[in-house]
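Proteins come first, then strands; the chains are lettered A, B, ... in the order of their sequence lines, and each starts at number 1.
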Number of protein chains: 2
Amino acid sequence: MSDLLERLRGRGWRMTAQRRVVAEVLDGDHVHLTADEVHARAADKLPEISRATVYNTLGELVSLGEILEVSTDHRAKRYDPNAHRPHHHLVCARCGAIRDVHPTGNPLTSLPDSERFGFTVEGVEVTYRGVCPSCAAA
Amino acid sequence: MSDLLERLRGRGWRMTAQRRVVAEVLDGDHVHLTADEVHARAADKLPEISRATVYNTLGELVSLGEILEVSTDHRAKRYDPNAHRPHHHLVCARCGAIRDVHPTGNPLTSLPDSERFGFTVEGVEVTYRGVCPSCAAA
DNA sequence: TCCTACAATGGACTCTGTCTAAGTCAAGTA
DNA sequence: TACTTGACTTAGACAGAGTCCATTGTAGGA
Ligand SMILES: [Mn+2]
Ligand SMILES: [Mn+2]
Ligand SMILES: [Zn+2]
Ligand SMILES: [Zn+2]
């Protein structure tokens, strides 16, 4: 985490209390919070932080490649601090729970040239859908 | 298309002018329109059709499995009449153009049991991202 | 310490989609 | 054909998520 703050400082980021608490909230693995969830948690530490600042900071962190935007349900976007190890997502269709997963192989290789229509293909997102154990039990 | 209308009639749908024009708009392959685009095209034929009716009808067609919802950019959902042949999508990062693609193999098999966390996995969506030829030329 | 460019703020605004109450009409019945 | 009825449509209010902007504040360099 302080690694992150160091990297950001090295990139010329002005270090403010707001940016620090947003970065702190986004620490840890398997965290996939919405902007408003980030805002709520940041406001626990810094009550007057505004929603606009949270959105601005999240957008900057995405541009810098420090976090990822994840859209699994067409509701609020989620922000994923696990940006340095490529992964995909497994989503519960009932409760929305999200797990990071690491499929075998490279999904890019499964798209033949004849299916690329002249595009330069740069990336791929895979979203597995299913039912989590606790929803299946209930 | 009249196949579709027949199937719907068989399912007890009351056949209205509004539903007919929405179904007509969604005819054809590689069509991925937003609800408001469907509304605009439907209104060319039936000027007083309301947005609510378009949303209602699209939702019903999705429930019936006649069209698919596609979310590639976290803006408006797109509606895809190609619901009967499984496929995935290739999206231009610059202009948003969407192509249907058919990757080789079954992406479900690339998720090992050890990466399923007890979920019952039922489906998978693959979104390839790249730059289309006309954006690359520009 | 002072300066100033960069950052934070709150509220208005946009976009997408949902909901509701009232009016309309498709299609079954006689 | 005319009647009847519940399914369907409508306009507009409402809501969630996110953006924009004018104003105010401040990090960090001189
Ligand atoms: Mn993740
Ligand atoms: Mn498609
Ligand atoms: Zn669940
Ligand atoms: Zn393009």
Side-chain angles (χ1 to χ4, degrees), chain A residues 5-25 32-64 66-80 96, chain B residues 5-25 32-64 66-80 96:
Chain A
L5 295 180
E6 276 314 309
R7 280 201 300 281
L8 296 173
R9 206 187 305 267
R11 300 219 212 194
W13 248 38
R14 185 178 289 187
M15 193 49 54
T16 67
Q18 290 86 347
R19 287 171 167 181
R20 218 181 325 261
V21 296
V22 169
E24 281 168 17
V25 166
H32 302 90
L33 299 172
T34 65
D36 278 342
E37 286 166 351
V38 172
H39 178 247
R41 296 189 188 199
D44 288 344
K45 296 219 160 201
L46 189 67
E48 293 317 306
I49 190 172
S50 73
R51 268 180 15 106
T53 293
V54 171
Y55 275 103
N56 288 341
T57 304
L58 291 171
E60 290 158 2
L61 290 170
V62 169
S63 295
L64 294 173
E66 296 290 350
I67 64 176
L68 299 174
E69 276 181 1
V70 178
S71 297
T72 56
D73 62 359
H74 217 267
R75 302 189 54 179
K77 290 179 202 165
R78 293 179 174 274
Y79 292 89
D80 186 342
Chain B
L5 294 180
E6 277 312 311
R7 282 200 300 280
L8 296 173
R9 206 188 305 269
R11 301 216 211 196
W13 252 36
R14 184 176 291 186
M15 195 47 54
T16 67
Q18 290 86 348
R19 286 171 167 179
R20 217 178 328 257
V21 295
V22 169
E24 280 169 17
V25 167
H32 302 91
L33 298 172
T34 66
D36 278 341
E37 287 167 351
V38 172
H39 178 246
R41 297 189 186 199
D44 289 343
K45 295 218 160 200
L46 190 67
E48 292 319 304
I49 190 171
S50 72
R51 271 182 8 112
T53 293
V54 171
Y55 274 103
N56 288 341
T57 304
L58 291 171
E60 290 157 2
L61 290 169
V62 170
S63 295
L64 293 172
E66 297 288 352
I67 63 176
L68 300 174
E69 276 181 2
V70 178
S71 297
T72 56
D73 62 358
H74 217 267
R75 302 189 55 179
K77 289 179 203 167
R78 293 179 174 275
Y79 292 88
D80 185 342

Inset, instruction - Can you sort out which residues in residues 37-51 of chain A have a heavy atom within less than 4.0 Å of DNA chain D? Ascending by number, please. - result: R51(A)
Inset, instruction - Please determine if a side-chain N or O atom of Y55(B) lies less than 4.0 Å away from the OP1 or OP2 oxygen of dT18(C). - result: no
Legend entry - Nearest-angstrom distance from the residue atom CZ of R9(A) to P of dC6(C): 18 Å
Inset, instruction - Identify the heavy atoms of A35(A) and V54(A) that sit nearest to each other, and give their distance. - result: O-CG1, 3.7 Å
Inset, instruction - Give the rounded distance in Å between these two atoms: CG of L8(A) and C1' of dA7(C). - result: 15 Å
Inset, instruction - Determine: side-chain N/O of Q18(A) to OP1/OP2 of dG25(D), distance under 4.0 Å, yes or no. - result: no
Inset, instruction - Taking all non-hydrogen atoms of both residues into account, name the closest pair between S71(A) and K77(A) and its distance. - result: OG-CG, 3.9 Å
Legend entry - Interatomic distance, L58(B) CG vs dT16(C) P [rounded to whole Å]: 14 Å
Legend entry - First of A17(B) and H74(B) reached from the 5' end of DNA chain D, by closest nucleotide: A17(B)
Inset, instruction - Look at the side chain of R9(A) and the backbone N and O of M15(A), then say whether any donor-acceptor pair between them is shorter than 3.5 Å. - result: no
Inset, instruction - Choose from dA7(C), dG28(D), dT16(C) the nucleotide whose nearest atom is closest to any side-chain atom of M15(A). - result: dG28(D)
Legend entry - Nearest-angstrom distance from the residue atom CZ of R11(A) to P of dA27(D): 22 Å
Legend entry - Phosphate OP1/OP2 of dT10(D): any T53(B) side-chain N/O under 4.0 Å: yes
Inset, instruction - Look at T16(B) and dT9(D) and indicate whether a side-chain polar atom (N or O) is within less than 4.0 Å of OP1 or OP2. - result: yes
Inset, instruction - Would you please test R11(B) and E60(B) for salt bridge (Lys or Arg N to Asp or Glu O under 4.0 Å) and show each step? - result: CA-CA 12 Å; R11(B) 301 216 211 196; E60(B) 290 157 2; over 6 Å; no
Legend entry - Test applied, side chain to side chain contact (heavy atoms under 4.5 Å, CB included); reference residue, T57(A); option that passes from V22(A), I49(A), V62(A), I67(A): V22(A)
Inset, instruction - Could you please name the option among dG10(C), dT10(D), dA8(C) that lies closest to any side-chain atom of A52(A)? - result: dG10(C)
Inset, instruction - Round to a whole Å and report the spacing from CZ of R19(A) to P of dT9(C). - result: 11 Å
Inset, instruction - Mind listing the closest non-hydrogen atom pair of A42(A) and V21(A) along with its distance? - result: CB-CG2, 3.9 Å
Inset, instruction - Starting at atom CG of D73(B), determine the distance to atom C1' of dT16(C), rounded to an integer number of angstrom. - result: 12 Å
Inset, instruction - Would you confirm whether R51(B), through its side chain, and D36(B), through its main-chain N or O, come within 3.5 Å as a donor-acceptor pair? - result: no
Legend entry - Among dT26(D), dA27(C), dG10(C), the nucleotide that comes nearest once only the side chain of R14(B) is considered: dA27(C)
Legend entry - Whole-Å gap separating C1' (dA27(D)) and CG (L5(A)): 15 Å
Legend entry - Gap between atoms CZ and P, on R75(A) and dG17(C) respectively (whole Å): 13 Å
